[in-house]
Amino acid sequence: MSTVMERAPSELSPERAPAAPKRSPLNRRTILRTIGLTVLTAFVLTMPYDMNWAGSAFALDYGVIIGMVVLSVSVLGWIGEFTLAVVAQMGFGLVVVNLLQNAGMPFLIIIPVVILSSIPISILLGVFALRLRGVYFAIATLAFGYMAQKTFFQSYLGVQGGFGGTDSKAISRPAGFQGSESFYYLLMGSLLLMALICWAVNKSWIGTSLTALRESEAAFSVLGHSPGAYKMFTICLSGAIATVAGAYFGMLQGLVPSNYFQPALAVLYFGFAVAGGMGSVGGACVAGIAFGAIPKYFDSLSEGKLVGYDQFFIGVVALAVVLWAPGGFAYIGRRIWHRLEGSPPAAPEVSTFEIDVRDPLAAAAAAGAETPDGAEA
Amino acid sequence: MSGREIFSPQARQRAARFMAERGHAVRKGNGGNGHGRTLVLDPAKLARFEPVRHRLATQIAEGGLPTRRRRVEKREILNVADLTIHFGGVHALDGVNLSARTAEIAGVIGPNGAGKTTFFNCLSGLLTPDRGQISFDGHRLNGSPATRGRHGLGRTFQTPRLFGTLSVLDNLIFGCRTADSARREYVFDPGLRRISHRERSVRLARMVGFRGDLAAPAGSLPFGDLRTVELARALCGAPSLLMLDEPASGLDVGQAEDFVGLLRSLSDLGLSILLIEHDMSLVMGICDHITVLDFGQVIAEGTPAEIQRNELVIEAYLGRAD
Amino acid sequence: MAYLGSRRLFVLLTAGALASAACGGSAAQRAALKVQSQNQAGTNAAAPGGGGYSGGDAGASAAPAEAGAATSDVAGSSPGAGASSSGSAASPAAGSNSAAKSSSAAAQPATRSAAGSSGGSGAQSSGAGAGKVLPGGSSGPTPGAPTPGGPPGAGSAVGGATDVGVTANSIKVGHIGIYSGPVGSFGDDLSYAGRAKLQEINDSGGINGRKLDVLVRDDAWDGTKGMNAARDLVEREHIFAFCCIMSVNTSDPLTPYADEHKIPHIGADGWGEPQYKGAWTFPVSASAVTEAHMLAKYQAEKQGAKRVAIIYINNPTGRAYVKAYEEVIKKFNGEVVFSQPATFDDPGTTTFIAQARTQNIDTISTYLDPGIFTRLVREAAAQNYKPKNAFSGAAGLYFQVTPNFTGPNGEGTIAATHWVTNDMDTPGYRAYKAVVEKYYPKIDHSTWTKGGFVGASIFGNALKSLGLEVTRQRLKDTVDTLSNFETGLGPNISFSPGHHRANKTIYLAQIQRSGDKFEFKYIAGPLVDEYAETN
Amino acid sequence: MTKLIQTLIIGLEYGCVYSLIAMGMVLVYRTTGVLNIAHGGIGVLAGFIAWDLNTLRGWPYFPAIGAGILVAVAAGLLFERFIVRRLAAPALATVATLALFLLLQGLVFVVPWWGNTWGQVFNSPFANKQVAIPGADYSVSWDQLILFGNVLLFFAGLYFILRRTRVGLAMRAVSDDPTAARLMGIRQKLVAPVVWGLAFGLSGLTTMLLAPILLLDNTSLTAFTLKALTVTFVGGLISLPLTVLGAITLSMLEVSTQLYLPNVKGLSDAWPFLILIVVLVARFARGTKALEDTAVAPA
């Protein structure tokens, strides 16, 4: 555990390192950032213990995994799509882990294999993404997820024995991470690594290209950039994250009934991603952890009495986000930070959430910008 | 007829008058929908571009345009034969033939709904024609829009499609990346290949007459600037054939004049330009060769003078005007 | 853009940290929460007498120990400080004998986390007192000081923290019930009988002076959730044992987990076969396999069933049910013509019935919950279809809600149960009913309520027989050698090491008209499963 | 032969359920560009209110379901007025419907006297009445006939509204070309409330029709909704007749697989995906690159 504690700050720091020019070493911004970084690091490291009053660290483990799933959904926002197949991809990750563990593979081999194994399915979904957009793509992924759950998980493989059973061997956690607390550090480390990769990708020219692709696919392609390649890359990235999340989910739970992988759950995770801010890395992590862990803590606090409330409250939060902060937690967080820092407000907020190509308002604005015909008469 | 001269004064006046009307309309239309608002920028960011701007100012302030004259060969670069596409029952294009040559400006005109933009979309690969061959630069043109873009088919759109959240500079650099990754030479200025993306972008932006802030998000530009930036972006991609879809609409008088001059000189430097316009007056001034489309069919082609005398064309236009 | 993204994460997490620090630091708040939830648990009870069972009582005495634990978990190595701070925080709020305990804890930590390692020797504290306020630190480490005003019959505890989850005056017991999810509307009853018995044990003086502190969780009939809850109970709440979990989906995966952690689970539902493979799990009800055997035999012999169709919930137990039914019906020259899995979101009952009709089925057997079963019956009624021998099914059907749901269409349905049926009205059943309805008057008495009751009874008896030296190993050993435990509800229960199939008895009940209502009526039993495996 | 007729009847029955749901979603999508994910959730709300009134408060059956449907319509109007209208883009409104869906599905647990409910019996007055199908050894309950009748009625009614009424004309104009419709002065304010009220009401009605046949619960309608959503693809989320066709095709395929090939496990659940692939290939073969791509739409 101590090694993890030493490692975690260094994982954090590249993401936190301020890229803006520093004028004076001790201005308000630097101080705030140092304090924030310290508090955040301390919080991330002690989170299982901070929350012990409310429930076991298990809830947090669960939240971090949901954070990964939501990150996977959110990443797809970069190409302006949303997927309902993440849950199916999770399921495949779980199956792969089960197979590999039965074959006696160690953890360090399992995870890379899981990542590789996600690629064929991502490519299958990617083929749809090349042909379909927005809602249509979502429906395609929905149909895929539905088939995966019903046909693959339930009927053939009977993942963990169908409905909550024990037909096949339970998935075990990697050696050294048996406890919920220690497993948390593995999960949090993985999530931070994923977030870091996503953040770096988004900051690189790939991210710029994806923004351009989202803004105008036609212009993007006539400029000689292949939208397909970028879409495929993003879908593979998203799929790999979801699949690894599924693998961890299997390790966390040991036994997972196949009815867990129902597409309706993907709708829920999409809701989380929206609340976090579609396309945002940090927002997705926070939303995932919060919406994943809070209901679990709530379960233990209410001792099984106030069940089913979580969905209602997530619905309320999502509605509030859509109405007042379409950018999600990411946008709210940015606003708060700017106020704290005292820096000028950011450029006019453009919602990163654009799933639909059919946008009458935008079209009307564009049409209004053109002159009516007949001027040449 | 007016092939090598730069724009007759009469044509220029005509264009300017027309543009004035148009520009007026644009300003009126723009009032409500948020274009043209000013953007507060981070002074630190602006400062970063300061040296570049300075350099540019010295280079572009005097000439404004690259003035070198080179002897360019004229050859056929694009040949379209029997291009046909239909949507449902509507024949948007019906057996269209067209050819374009290097260092010339070819115009495609026609009333609204004549199939001009569809024609461009077929050329750039956004639509797959039902029938027809397109040969470009010596080989058959097929494949995705991206492949065609890398082959040197640049274009702009009727409604400018900039990457709104990216800065103007990033938009342009995007074009430059195409040119480099496809290893393309700049027909109109081979020297551009040797300078950095950023500098190249800035130079081309100034060349097309963009005087605004390069760090501003492209979505915040006024409409006229959208056009010029889009043109610059297309040029950054080092096209050998540049397709412009109603490039002059929405420009004000001065911009239109500069623009017309720019096209003329680009073409003189060897760039092949294909131009869509639905009004004849502008096209007549700058085009070397004009094709007239109506209801997806070519009803006339020839030099501007020939087109002006063509009965079918007059009928198509006057019959429609109200 | 992405840089901003990282910053927003930053801010939100910071805010979260502050909020959680504020909450986590407040031990009193936790204690209050605890008491409150205990009180809620107790509201169902018609608290008898002044000193009788009341949730607030048990909660108050448990609260300081937990508060101390919560603090010392964070602090790590200074349990003394943790305990004393909790004492000061909790005693004014809880108003119980907590101060005495915490002062003793300063010398020898009586917290849950420390208790396991300290092995049970050392500091003792006062016995269970009900709502008695003692001045802080006055009683100190006096062992076994009897407290005035305790409930009648409550002995003073001498033994202290003998094992995980055991303190001088409480034993932490984990219970997982079905309070929500697809069978939630009737699943909550499954818990209540067992919980009533545990409350009754507390009310009649507890276990040799120790009260049972029952921690309740919900699994929504989902093994994943159930295991989450189980891990929370074991790893954070440090319970001593599980008692009477009547949710097969949790009991199944809990079995290997209990073995791994050496935690006794007394009174599992026993519906799923995997539960019989565990050394630490003691099922009291019969297996679905036994039900299938007996149903098949009965239907073949008495009803002449030859062509059977089975619809089942697609879990291992469901599949085992199909297999077991098939094995026995074959012995009587019958066959299972086809079987079809059902899930909650897509039961597929319509096509099942259509197929049953075309295949000329005479008997439909089911392994379903009352919900899907009702759909099945209603679909059949809509298609004007009823097999010759009507429907039959596993103990999952034996609820009074089933005839209420199905109405006249379900008439003739045979359900298996592992205990005497409600209409048999034996003295044992009346005694059971009296205890349960004292706390939960409106309960729907089913197979599982009786199973839970029996499980809780065995648990209580075994614990009592341990004396003060309550350890998991001793509890396991005691139950392992339990012989002929009188349940009063039909079969008697005997365990032996490695042989936990204690109940192989099936009663059959049929939905019959009684007046304008439909009820399950006894038709056969006790039938002892001669086909059952002997493990 | 008997089996075939049975298959057809069952297929038609489920096809009706799918088409009723799918039509509601297509209606909203083609007129507002919003994918109404909340379709199932609204039904849950309306259904439980009607059940509450009927069972717990002793209202007669028809006033109770009428009240349920009215609540659904009102919810639609309120949702349009206070949420959809405030959101700039249909994409955001789609997300709002998602939020509404979560909220409504959770609501069943929040209302204490509905609490922890999976299924409730909610009988119609026509319970236990059947009509025998001649020659099929099969009968159909009145509830199923009513469901079928409602599908026909709704389909015809929608056709009439779209073809013959002013609002319908406006709806069509908006769906064909929202930009043009706006420029031509057709007021979205007129069309949108009608559409949302209609769609939510339809969702409520669907639940009322389904509840007597199945049970009233908060998950199975969602499951149906997700499945129905996959068939909207057949009509490209635009065409109502094609959607109905897709719905009936899907249910027929599912039912016949289950009845004729019961041992091919999982095939019946793979149909939505297989149909999707067929539709895609068909569209691709016709040369349309993307189902909807305004970027390349002809000028």
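Since this is a predicted model, take the numbers as computed values, not measurements. Per chain, numbering begins at 1; letters A, B, ... match sequence-line order.
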[X] portion near chain A, given a 4.5 angstrom heavy-atom threshold:
| X | value |
| --- | --- |
| D:Leu226 | both |
| D:Thr232 | side chain |
| D:Phe82 | backbone |
| D:Leu98 | side chain |
| D:Leu274 | neither |

For this session: Only one of D:Leu104, D:Leu103, D:Leu102 passes side chain to side chain contact (heavy atoms under 4.5 Å, CB included) with A:Phe312; say which it is.
Result: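 Of all the options given, the one that passes is D:Leu103.
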
Can you measure from [atom1] ([X]) to [atom2] ([Y]) and round to the nearest 0.5 angstrom?
| X | Y | atom1 | atom2 | value |
| --- | --- | --- | --- | --- |
| A:Tyr146 | D:Leu229 | OH | CG | 12.0 Å |
| D:Phe273 | A:Ile139 | CZ | CD1 | 13.5 Å |
| D:Ile37 | A:Leu142 | CD1 | CG | 9.5 Å |
| A:Met147 | D:Leu267 | CE | CG | 10.5 Å |

For this session: Side chain from CB out, backbone as N, CA, C, O: work out which of these in A:Phe128 comes under 4.5 Å of a heavy atom of chain D, or both, or neither.
Result: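 Answer is side chain: those atoms of A:Phe128 sit under 4.5 Å from chain D.
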
Problem set entry | side chain to side chain contact (heavy atoms under 4.5 Å, CB included) evaluation trace for D:Val95 with A:Val321 | CA-CA 10 Å; D:Val95 179; A:Val321 161; over 6 Å; no

Problem set entry | Heavy-atom closest pair, residues A:Leu319 and D:Ala96 |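 Looking at all heavy atoms of both residues, the closest pair is CD1-O, 3.7 Å.
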
For this session: Work out which heavy atom in A:Val322 is nearest to a heavy atom in D:Leu87; give both atom names and the distance.
Result: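 Where A:Val322 meets D:Leu87 most closely, the heavy atoms are O-CD2, 3.4 Å.
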
Exercise. Under a 4.5 Å heavy-atom cutoff, which of A:Ala275, A:Ala140, A:Pro263 has the most pairs with chain D?
Worked result: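 Highest number of pairs under 4.5 Å: A:Ala140.
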
